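Data first, discussion second: the structure below is written as structure tokens.
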Amino acid sequence: MSLYERIVEMIERNLAHAAERAKAAGELSFEGLPSYVLEEPRERQHGDLATNLAMVLTKQAKRPPREIADILLKNLDTKETWIEDWSIAGPGFINFRLNPDWLANVVTEILREGEDYGRVQLGQGEKVQVEFVSANPTGLLHMGNARGAALGDSLASLLEMAGYEVSREFYINDAGNQIHNFALSLEARYLQLLGQDAPIPEGGYHGEDLIDTIKGLIAQVGDKYLTQEPILRQEFLVRYALDEKLRHIRETLKEFGVEYDVWFNEQSLHDSGFVRATMEEMEKKGYIYEKEGALWLKSTLFGDEKDEVVVRSNGTPTYFAADIAYHRNKFERGFNRVINIWGADHHGHVARMKGAIEALGFNPDALQIILMQLVRLIQNGEVVRMSKRSGQYITLRELMDEVGRDAARFFFILRDPDSTVEFDLDLARSQSADNPVYYVQYAYARLCSILRQAQETQTNLRLPTGAELKLLLNSQEERDLLKKLADFPREIALAARLLEPHRLARYVLDLASLFHTFYNSQRVLVEDEGLRQARLGLVRGTKQVLNNVLRILGVTAPERM
RNA sequence: GCGCCUGUAGCUCAGUUGGAUAGAGCAUCUGCCUUCUAAGCAGGUUGUCGGGAGUUCGAAUCUCUCCAGGCGCACCA
């Protein structure tokens, strides 16, 4: 645990003890200690940490908050907490000022822990799976997939940093109705390219990328499937195209910085009979009934709005049935927690999926679904309706070509999944130079430049002494920067608890800003050896933390810009 | 019609889960490069937190209601 975490925790504990002590002495009366916060106040003049404990106790204690604050402070043990001064302010806040000397330890702590600085033990090795993107292998990756990729990958990295054992997974929908439609579309393209009149069927895939796919295929096998039995022809085309699309998806995501631990085939669940077995299992438990020739899951028992079909009257299982089997498989693989990132257009699926999990005897809360709002593409000032079937969309690859991988990832990670992002490609192009990601990367490049220069002038980098580090405490800019660095492990813990990687993007922007301010106000490579070593230590520490955050966000840290 | 998400500065978005005087970037205006990278810094301007009511010491945050936008409500996925 980092020093700052220990300080905050100790003060929290001592506050609780103070309340108990006052209660024992008959100075305060309350049943259970209400939940209270100890946090850094927005205004610097309010000190380093502030608590609302006195105010939240008013109801039970039946005394004015400022009086309660007095009593708490009288009973508070401040030994080893670095508390130097306190005051009661406003309606009853207790503000603490810490002895700034503690900040001198931050640099040493970061340099000692290196790339592990920020790692917290929140997860305790718990096994977590993050499933994200899982785009249909019937086309290219679009903007929504890009958002999911950036979000899912950084969330997974964040959880790793927080002490979870994380597995990244991609679910390949290579079975079912849509694959049949896909086959018919491929066949139409094949025939078209060989000069026949063959329309894309209703509900088929109109994307132009299929033309390229089929051209590639024709280059290999020519027209020999022209005279084949349609069933066999379709089967061949689908196998070829799925393989090609999937390879393309895999490569594109890899280029985007995303690598999966597991690629899971839906088809394998059908082939092994697991879908059927799972339906039988649920039927045995009485959660399935027949109506109009189809099998229905009583998902309304678990809060769904209506029951859902799992096996159609023609005997084929629905997507939902396969998904139930898939999630059962996930839990049987031993994950304590399963996180899915879905587009908001799937939110109607959440309740029934959780219901199915419960019906199978698993804890529905172990399945957490992050819904992200859709990405709206703006072109020529108008919303473009994106759809894989219509073939109208901007691809992830185009996005990377236009604005770059780092800018694209950062753009998505910066935003709360709940916000509907409007993506104006023309604007993104023109603004790519002032994408906030460069602000952060520029800070990193500057840090590297200072260190290069230090080495060129033959300053040996060494660990500054405690006395030297205290020299950093003389300026506000350095103290602010140290404070932000010290806060990093807590940011990790908070972001991981809330499953909100966008907090880290905000954090790293703040950190870069504090560094730029420091850079402009204090010179690092000064004559004085002690001060120079101390500032170089701060520079190295800042560089390390930037590195650690950018690694989580999947953004590169350039040594020069 | 019902359910979920959203509404904060001219634009794009944060807001530590109910805290003190609501923040940042872009835009705009004024300064700062003979010293470690000006893709930077310092400062100015910018608000009925969609409207209304309520809950309490205290509300952008919680409740209700209304308005606006997005998404969903298939034997599609």
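Bear in mind that the values here come from a model prediction, so they are computed numbers and not experimental data. To find a chain, count down the sequence lines: A is the first, B the second, and so on, and within it residues start at 1.
- Arg415(A) comes within 4.0 angstrom of the backbone, heavy atoms only, and of no base.
- Of the candidates Tyr319(A), Phe320(A), Phe264(A), Phe274(A), Phe264(A) is the only one forming a ring-ring contact (aromatic ring centres under 6.0 Å, His included) with Tyr326(A).
- As judged by a 4.0 angstrom heavy-atom cut-off over every strand, Val311(A) is placed among residues making no nucleic acid contact.
- Within the nucleic acid shown, Asp510(A) has no heavy atom closer than 4.0 Å to any nucleic acid atom.
- Between C67(B) and C11(B), the distance separating the two P atoms is 24 Å to the nearest Å.
- Side-chain proximity of Arg452(A) to U6(B), A20(B), U37(B): nearest is U37(B).
- Looking at heavy-atom distances under 4.0 Å, His502(A) makes contact with sugar-phosphate atoms alone, never a base.
- G40(B) has no base stacking with the ring of Tyr442(A) when judged by centroids under 5.5 angstrom apart and an interplanar angle below 30°.
- To the nearest whole angstrom, the two P atoms, one in C4(B) and one in U56(B), are 26 Å apart.
- At the heavy-atom level, Phe320(A) lies nowhere under 4.0 Å from the strands shown.
- For U30(B) and U45(B), the P atoms lie 15 Å apart once the distance is rounded to whole Å.
- Against the 90° criterion about 0, the sugar-base torsion of U35(B) places it in the anti range.
- Between Glu308(A) and Lys306(A) a salt bridge is recorded (basic side-chain N to carboxylate O distance below 4.0 Å).
- Using a 4.0 Å heavy-atom distance criterion, Ser521(A) is classed as making no nucleic acid contact.
- Here C33(B) presents its C1' atom at 13 Å from CZ of Arg523(A), a figure rounded to the nearest Å.
- Remark: the separation of the P atoms in C64(B) and U28(B) is 44 Å, to the nearest Å.
- Contact annotation for His516(A): backbone-only contact, meaning every heavy-atom pair under 4.0 Å involves sugar-phosphate atoms and none involves a base.
- Contacts of Gln45(A) with the nucleic acid, taken as non-hydrogen atoms under 4.0 Å apart, include base atoms.
- Counting any heavy atom pair closer than 4.0 Å across all strands shown, Gln441(A) reaches no nucleic acid atom.
- For Arg490(A) and Glu40(A), the salt-bridge test fails: no basic side-chain N is under 4.0 Å from an acidic carboxylate O.
- Between Arg42(A) and U21(B) there is no side-chain polar atom (N or O) within less than 4.0 angstrom of OP1 or OP2.
- Looking at Asp345(A), its side chain has no donor and acceptor atom pair within 3.5 Å of the base of G72(B).
- The same atom, P, is picked in C62(B) and in A77(B); the two are 37 Å apart, to the nearest Å.
- The shortest distance between the side-chain N/O atoms of Thr517(A) and the OP1/OP2 oxygens of A42(B) is below 4.0 Å.
- For the C1' atoms, the distance from G47(B) to U8(B) is 8 Å, rounded to whole Å.
- A salt bridge does not link Lys330(A) to Glu169(A): none of the charged nitrogens lies less than 4.0 Å from a carboxylate oxygen.
- Here Ala454(A) lies out of heavy-atom contact (under 4.0 Å) with every strand.
- With salt bridges taken as basic N to acidic carboxylate O contacts below 4.0 Å, one links Arg462(A) and Glu529(A).
- As a whole-Å value, the separation of Leu531(A) CG from C36(B) P is 17 Å.
- Between Thr51(A) and the phosphate of G19(B), there is no side-chain N or O to OP1/OP2 separation shorter than 4.0 Å.
- For U46(B), there is no paired nucleotide, since no Watson-Crick or G-U wobble pair has both relevant distances below 3.5 Å.
- Taking the P atoms as reference points, U46(B) lies 24 Å from G7(B), given to the whole Å.
- Ser449(A) comes within contact range of at least one nucleobase, with a heavy-atom separation under 4.0 Å.
- Straight-line distance between the C1' atoms of G70(B) and G58(B): roughly 34 Å, to the nearest whole Å.
- Across all strands shown, Asn95(A) has heavy atoms under 4.0 Å from base atoms, whether or not it also approaches the sugar-phosphate.
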Go through the steps to decide whether Val524(A) and Tyr519(A) satisfy the test side chain to side chain contact (heavy atoms under 4.5 Å, CB included), and finish with yes or no. CA-CA 8 Å; Val524(A) 175; Tyr519(A) 179 91; 5.7 Å; no

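- Around the CZ atom of Arg276(A), the shell of radius 6.0 Å holds no more than 12 heavy atoms that belong to other residues, nucleotides or ligands.
- A cation-pi arrangement is absent between Arg503(A) and Tyr507(A), since the terminal nitrogen or guanidinium carbon is not both under 6.0 Å from the aromatic centre and inside a 45° cone about the axis.
- In this model, the phosphate group of A39(B) is not approached by any side-chain N or O of Tyr438(A) to a distance below 4.0 Å at OP1 or OP2.
- Pro91(A) comes within 4.0 angstrom of a nucleotide base, judged by non-hydrogen atoms across all strands.
- Nucleic acid contact class of Arg532(A) (heavy atoms, under 4.0 Å, all strands): none.
- Rounding to whole angstrom units, CZ of residue Phe412(A) and P of C13(B) are separated by 12 Å.
- An OP1 or OP2 oxygen of A38(B) is reached within less than 4.0 angstrom by a side-chain nitrogen or oxygen of Arg446(A).
- Residue ring and nucleobase are stacked for His46(A) and A20(B), with a centre distance beneath 5.5 angstrom and an angle between planes beneath 30°.
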